[in-house]
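What follows is one structure encoded as structure tokens, with my remarks underneath.
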There are 2 protein chains.
Amino acid sequence: MKLDKITSESAKATGRRYHDACGAAHGLDLVGERWALLVMRELMFGPRRFGDLKSDLCGLSANVLTQRLEGLEEAGIVRKRKLPPPASVQVYELTHWGYEAQPVFEVLGRWAARSPKHDPSLPISAVSTMMSLRTMFDAEAAGGLTARIGFVFDDRSFVATIADDELTSERIEISDCDVVFSGEPSAVPEYVYGKRPLADIEAEGRLTVTGDRALAERFQTFFGLPEKA
Amino acid sequence: MKLDKITSESAKATGRRYHDACGAAHGLDLVGERWALLVMRELMFGPRRFGDLKSDLCGLSANVLTQRLEGLEEAGIVRKRKLPPPASVQVYELTHWGYEAQPVFEVLGRWAARSPKHDPSLPISAVSTMMSLRTMFDAEAAGGLTARIGFVFDDRSFVATIADDELTSERIEISDCDVVFSGEPSAVPEYVYGKRPLADIEAEGRLTVTGDRALAERFQTFFGLPEKA
DNA sequence: CGGCATCCGGGAAGATACTG
DNA sequence: CAGTATCTTCCCGGATGCCG
């Protein structure tokens, strides 16, 4: 109905915003709606397709995802792009400014991980797993190490690079890695933060290690969970 | 109705959460509801009363404020406290962990301030104004200065201390300040970020300067607005 | 007045089914 | 696979009223 459309458009224009000049308040106007930040999170390692986003964000329904992508696109945070042939597939990607929201995830995640109610046993996506490594890396514990560590989850692979007291990571094919972890995403935080013996998790068939085994064993010492508040 | 109560309680218990181990997702479970972060913002400079929160957060209704305070208290972020006699007034304050959410505001604010849609002419609270000074302070521009700058807004006063290339601020009585700005909160960002001449804003009667006038004139050069994305 | 419970209207979120 | 249409449920926001 035309009337309905007008109503909803004006609602979007004047809609539920905080009329506040505060930067944080404006940030909430942009990404404060439910699921918006998590959609951005799933895009932080590069473009994704609609269906991939939907399947990685468990509980998010298609219509809401459509709305969020529209809103983020209008805000200049997300761009819709058609991959060149022969792929010819439509993907969503963050704009340059969108990628710069990365520190928001690090700061928010570091703070919230101290919550007494944080439950690390919940399901976790591949992107979240890789992002948490960025967030929780402890340069001192790694002590000047240089290494390339690969991760293979289902059909996606990531490489984390430790160099110059920093951990960077990207979603690329595995190449020149000192060690590669393959398996399900949740096994990585369980190993790294849960401080469980690597062999135990391998025995459960949830993680496979190839390459420098000694490095794999040391890997879990590079990350520190903050104490609970 | 008893049934309604049970329903709403179980809805709060199992309620709209992201079932996700990701730290950022859990952060959103804690403070992702509408107004929650802004309530925390208003508490970042110390305890406040229910009515003060309500009047500073324009558009927030009493019932929602009650719900947020309950939720934040249950999450261990906010504490309800009764001031000792003769005040005997109930106030809400952040827990130690709650205060540690400060970087969330800085990072989110810095990122969102680059939005093309950010409108600095909207109303701004005293707390937001003081917090933005923390966020946007440029140590290089201040060049090793040491100073105490006071702010008086209506019935509340703050002191910002610039020392050791850092700006800190607290809500306390004015004392030993090199210069004091008095007036309405919105005049400060207008002067500092809008880069308007101080005399113009004084002429409008929205800001009064007492003390070291030269310092007041330099003050606006200590803060840089990031370029738009 | 401060704090909180209650009722109501509108709109956003969530689930499902359907279409190109 | 990539959304759209529809329906239900629930949250948000405003108003009112109770109680200390």
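Letters A, B, ... are given to chains in the order of the sequence lines, protein chains preceding strands, and every chain is numbered from 1. Hydrogens, waters and symmetry mates play no part in the numbers below; they use all other heavy atoms, side chains included.
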Specify the angle, to 10°, made by the local axes at the two ends of the helix from C:dC1-D:dG20 to C:dG20-D:dC1 when five pairs are taken at each end.
30°

Residues that B:Phe158 engages under ring-ring contact (aromatic ring centres under 6.0 Å, His included), provided they are two or more places apart
B:Phe45

For A:Phe153, what residues pass the ring-ring contact (aromatic ring centres under 6.0 Å, His included) criterion, not counting sequence neighbours?
none

Taking 4.0 angstrom as the limit, do [X] and [Y] come out as a salt bridge?
X: A:Glu204; Y: A:Arg196; value: yes
X: A:Glu74; Y: B:Lys117; value: yes
X: B:Glu190; Y: B:Arg206; value: yes

Could you label the plane-to-plane angle of the A:Phe223 and A:Tyr193 rings as parallel, tilted or perpendicular, counting under 30° as parallel and over 60° as perpendicular?
perpendicular

Using the side-chain contact (heavy atoms from CB on, under 4.5 Å) criterion, which residues pair with A:Arg49? Sequence neighbours excluded.
A:Asp52, A:Val89, A:Val91

side-chain hydrogen bond (donor to acceptor under 3.5 Å, both in side chains) filter on B:Lys228, not counting sequence neighbours, yields none

Holding to side-chain hydrogen bond (donor to acceptor under 3.5 Å, both in side chains), I want the full list of residues that pass it with A:Ser88, two or more places apart in sequence or in another chain.
none

Atom-pair distance ([atom1] on [X]; [atom2] on [N]), nearest Å:
X: B:Arg16; N: C:dA15; atom1: CZ; atom2: C1'; answer: 12 Å
X: B:Leu65; N: D:dC12; atom1: CG; atom2: P; answer: 13 Å
X: B:Gln90; N: C:dG3; atom1: CD; atom2: P; answer: 6 Å
X: A:Arg17; N: D:dG13; atom1: CZ; atom2: P; answer: 14 Å
X: A:Glu70; N: C:dA13; atom1: CD; atom2: P; answer: 12 Å
X: B:Leu83; N: C:dG2; atom1: CG; atom2: P; answer: 15 Å

Please tell me which of A:Tyr18 and A:Leu69 maps to the more 5' nucleotide of DNA chain D, matching each residue to the nucleotide holding its nearest heavy atom.
A:Leu69

Can you give one letter per nucleotide of nucleotides 14-20 of chain D, going 5' to 3': B for a protein heavy atom under 4.0 Å from the base, S for sugar-phosphate only, - for none?
BB-----

Just the table, please: protein N/O against nucleotides 18-20 of chain C N/O, every pair under 3.5 Å.
none

If you take the centroid of each ring, where Trp contributes its six-membered ring, are A:Phe181 and A:Phe219 closer together than 6.0 Å?
yes

Determine all donor-acceptor pairs shorter than 3.5 Å in which one atom belongs to a side chain in residues 20-32 of chain B; sequence neighbours excluded.
residue: B:Asp20; atom: OD1; partner: B:Cys22; partner atom: N; Å: 2.8
residue: B:Asp20; atom: OD2; partner: A:Arg41; partner atom: NH1; Å: 3.1
residue: B:Asp20; atom: OD2; partner: A:Arg41; partner atom: NH2; Å: 3.1
residue: B:His26; atom: ND1; partner: A:Ala112; partner atom: O; Å: 3.4
residue: B:Asp29; atom: OD1; partner: B:Tyr18; partner atom: N; Å: 2.9

Contacts of type salt bridge (charged side-chain N to carboxylate O under 4.0 Å, His left out), residue B:Glu73, not counting sequence neighbours
none

[N] phosphate, OP1 or OP2: any side-chain N/O from [X] under 4.0 angstrom?
X: A:Tyr92; N: D:dG3; result: yes
X: A:Gln67; N: C:dA13; result: yes
X: B:Lys80; N: C:dC4; result: yes

Strand contacts (DNA chain C) in residues 33-57 of chain B, 4.0 angstrom heavy-atom criterion:
B:Arg49, B:Phe50, B:Gly51

Could you list all the side chain to side chain donor-acceptor pair (under 3.5 Å) pairs where at least one residue sits in residues 100-109 of chain A, not counting sequence neighbours?
A:His96-A:Glu100, A:Glu100-B:Arg114, A:Gln102-A:Glu106, A:Gln102-A:Arg134

Intermediate values then yes/no, side-chain hydrogen bond (donor to acceptor under 3.5 Å, both in side chains), B:Ser125 and B:Glu42
CA-CA 8 Å; B:Ser125 77; B:Glu42 290 302 317; 2.8 Å; yes

